[in-house]
Number of protein chains: 2
Amino acid sequence: MVDIATRVWNHKWKIDPIVRSLLDNDFYKLLMCQSVFRNHPDTRVTFSLINRTKDVPLARLIDEGELREQLDHIRSLSLTRGESTWLRGNTFYGKRQMFRPDFMEWFENLRLPPYTLERRGDQYELTFEGSWPEVTMWEIPALAVLMELRGRAVIADMGRFELEVLYARAMTRVWEKVEVLRDLPDLLIADFGTRRRHSFLWQDWCVQAMMEGLGPKFTGTSNCLIAMRRDIEAIGTNAHELPMVYSALAEDDRALATAPYSVLADWQEEHEGNLRMILPDTYGTAGFLERAPDWLAGWTGIRVDSGDPATGAETAIRWWKERGEDPREKLVIFSDGLDVDKIRALHQQFHGRVRVSFGWGTLLTNDFRGLVPGDRLAPFSLVCKAIEADGRPTVKLSDNPNKAMGPEAEIARYKRVFDVGAQERMDVLV
Amino acid sequence: MVDIATRVWNHKWKIDPIVRSLLDNDFYKLLMCQSVFRNHPDTRVTFSLINRTKDVPLARLIDEGELREQLDHIRSLSLTRGESTWLRGNTFYGKRQMFRPDFMEWFENLRLPPYTLERRGDQYELTFEGSWPEVTMWEIPALAVLMELRGRAVIADMGRFELEVLYARAMTRVWEKVEVLRDLPDLLIADFGTRRRHSFLWQDWCVQAMMEGLGPKFTGTSNCLIAMRRDIEAIGTNAHELPMVYSALAEDDRALATAPYSVLADWQEEHEGNLRMILPDTYGTAGFLERAPDWLAGWTGIRVDSGDPATGAETAIRWWKERGEDPREKLVIFSDGLDVDKIRALHQQFHGRVRVSFGWGTLLTNDFRGLVPGDRLAPFSLVCKAIEADGRPTVKLSDNPNKAMGPEAEIARYKRVFDVGAQERMDVLV
């Protein structure tokens with residue numbers, strides 16, 4: 001039966017919003033936002049969108065007017081009463097009132113700050129400037145908008161059934177991955193795919209497919225809105241953004257050398273248990289662990305997000321042993337460029353030696369590779385990063401030089417301060 | 001938005017009907033019904049459902065109560081005003097008023113006659129007795145009900161997403177076939193898949209996918225209801241049923257030998273053009289053509305429905321040449337156990353030598369092979385045939401002894417009368 005009102009309502013749409021809620025954001029952004037709101041509320045930052053896949057000509061594919069409409073729509077969003085109630089009342093990582101009243105009050109009044117958009121050749125230059133806790137909330141929605149608008153552009157001229165079969169193929173692919181994963185004993189895996197997802201509806205489908213197909217092996221999603229709607233765990237801890245900005249704010253080389261640990265000292269004051277996850281690779285994992293204070297070895301685990309993941313995990317295991325910790329009680333979360341084969345191999349290598357968990361991103365929520373001619377729906381490497389803090393450039397090195405960013409001189413300085421030796425260059429797919 | 005009325009309406013369903021209209025039937029049944037109504041309105045026939053795939057235990061899979069509900073529902077159906085208007089007003093095969101007023105009046109008052117259902121071991125014995133024009137209309141709905149109830153039984157305990165992926169896989173498979181077929185130059189292909197379809201909705205999906213994917217290469221569907229709703233051609237001519245009953249009614253061997261030609265003499269009075277299609281294999285193609293009267297060579301074409309299809313078509317081509325006809329003006333319709341590879345091979349072999357068309361059945365509308373464990377959704381060989389006419393058994397030989405049916409002594413008699421020599425035994429998949 002045709003629901004006339006819905007149909008007429010749809011006709012009235014000015015835009016089909018890509019981001020439909022301030023909670024359509026990664027949970028770790030909220031945790032970091034609260035931390036920043038507490039510790040650095042007045043720091044001014046600039047975030048910038050960077051398309052590392054230059055042969056995807058975003059400005060040719062995406063209409064600037066449409067892009068502005070989507071971004072403007074995000075600026076019109078504010079937390080609804082129900083969303084606020086969920087954040088205030090829900091249990092996250094086993095803890096009630098994860099978000100403090102002063103933060104919630106601020107968040108309830110938040111509107112995202114202005115953006116600057118300019119076309120440069122075939123790419124867009126999209127930047128966000130303002131106070132750190134406000135600007136940081138742009139990262140995920142901005143990425144999701146660009147990624148989905150590009151997909152919509154490609155899909156625009158497909159037939160009704162061609163389109164249905166496109167999704168049929170993508171669904172089959174996700175399900176075949178689920179069928180492989182459910183045979184892995186004691187697997188724990190979460191959805192980390194918001195930022196480079198094909199679309200919101202698609203991410204929501206993938207999450208539900210994981211719920212049905214994996215049962216308790218599926219631990220939750222990084223996406224707050226989906227976690228709320230599907231009544232599952234919101235997952236996430238912290239990201240490179242914190243050490244990058246803390247480091248940029250360091251007055252001299254000495255302060256710089258300790259900045260990444262200050263981040264974690266602040267974090268330790270706020271969080272415990274599974275939220276005490278070290279992200280060690282911002283300026284090289286090996287050096288970071290070597291110079292780490294002893295209290296850090298007492299943390300719950302490590303997230304491996306660049307470089308060869310097995311090497312990263314082995315480094316962590318060695319480090320725990322050196323510091324007198326039992327690796328079998330430690331948690332290793334893999335979250336970089338995962339797909340089923342890699343997940344299976346890592347699970348096989350580390351299952352039983354440490355507690356293992358996976359944060360599966362782009363190749364869960366956007367594996368449309370090979371599904372259209374010219375592969376024009378394949379995901380690409382789009383990031384949105386803090387590039388400046390209080391007027392100073394940020395730097396990221398990571399365990400893969402292809403992921404490094406920042407001014408050349410600053411990169412050299414950071415390499416010296418953090419004593420980063422030779423690094424293996426690895427392709428960045430997504 | 002939830003459409004409350006629809007949802008509540010759905011709750012009230014007593015059954016989810018498999019056959020929802022008397023037009024949910026093959027077009028050739030209507031043509032034959034009109035012919036029978038004109039020429040043999042008082043002949044009494046018995047039709048019987050035969051599951052040639054014994055290892056599909058229908059009576060264990062399908063609840064007898066549910067089966068009766070579906071069959072009773074079909075008995076409650078009558079032609080709606082709109083359906084009648086379409087039959088009366090539409091153009092079929094380029095002809096207005098294909099269905100005569102007296103037939104339409106009779107059809108408008110038709111309710112299908114009673115059925116007899118008994119369980120025998122793991123199979124059902126389902127028979128229909130009554131006047132030929134009434135009973136004949138049971139064949140397709142009865143087959144569709146059994147096939148779909150079996151599928152529903154298999155699907156009953158699948159999860160929501162498992163189910164969605166099942167259809168995603170099936171859709172992808174159909175579309176991949178369409179992608180192969182659309183590259184064949186001058187292809188003409190129709191849907192002949194009503195009787196052994198997975199379900200009505202699925203057949204409707206397949207038809208629409210063919211419409212979008214093949215454009216004018218897709219010539220229409222055998223299903224009247226879908227033809228009406230999708231505004232496409234209804235396709236079909238005649239079936240073995242006619243020569244089988246005419247032959248059973250023959251008083252002696254001499255009358256038997258000419259019975260198959262009497263069928264076509266009656267048909268010729270009613271139809272012209274593309275409806276003048278010979279179905280030569282009921283009692284062996286070679287002998288049938290050899291002994292055929294000359295006027296039959298003037299008919300438009302031949303449908304090849306058993307035996308090796310290439311052999312059948314080559315036989316027809318030789319026969320036309322012998323009778324002084326130009327094969328390039330003749331039409332060959334292949335309709336037996338087709339799938340993409342066979343279609344492509346036959347198209348390649350005969351394209352340009354004769355006009356070629358394909359009637360694609362079960363492996364279009366029910367190719368769920370390999371999609372569930374134990375292959376329990378694979379189509380199987382279910383037929384519903386006239387087994388008796390005015391108290392005499394019917395016989396079918398076909399060009400494949402595995403498709404032969406009838407009492408042994410009668411089969412021997414028919415083989416003698418029709419001078420059928422050695423035949424190649426071929427597996428019957430569907």
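To find a chain, count down the sequence lines: A is the first, B the second, and so on, and within it residues start at 1. These numbers come from the heavy atoms of this one structure, side chains and all, not from hydrogens, waters or symmetry mates.
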Engineer: If you round to the nearest 0.5 Å, how far is CD of Glu162(B) from CD of Glu212(A)?
Structural biologist: 6.0 Å

Engineer: Any chance you could measure Trp205(A), atom CH2, to Glu164(B), atom CD, to the nearest 0.5 Å?
Structural biologist: 5.5 Å

Engineer: Is it the backbone or the side chain of Glu179(B) that comes under 4.5 Å from a heavy atom of chain A, or both, or neither?
Structural biologist: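 The side chain, not the backbone.
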
Engineer: Tell me the closest heavy-atom pair linking Thr172(A) and Thr172(B), and the distance in Å.
Structural biologist: OG1-OG1, 4.2 Å

Engineer: Does atom CG of Asp231(A) have more than 12 heavy-atom neighbours from other groups under 6.0 Å away?
Structural biologist: no

Engineer: As an exercise, state the distance from CZ of Arg160(B) to CE of Met211(A), rounded to the nearest 0.5 Å.
Structural biologist: 13.0 Å

Engineer: Should the heavy atoms of other residues, nucleotides or ligands under 6.0 Å from CG of Asn10(B) be counted, would the total exceed 12?
Structural biologist: yes

Engineer: If you measure from OH on Tyr167(A) to CE on Met171(B), what distance do you get to the nearest 0.5 Å?
Structural biologist: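 Rounded to the nearest 0.5 Å, the OH-CE separation comes to 14.0 Å.
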
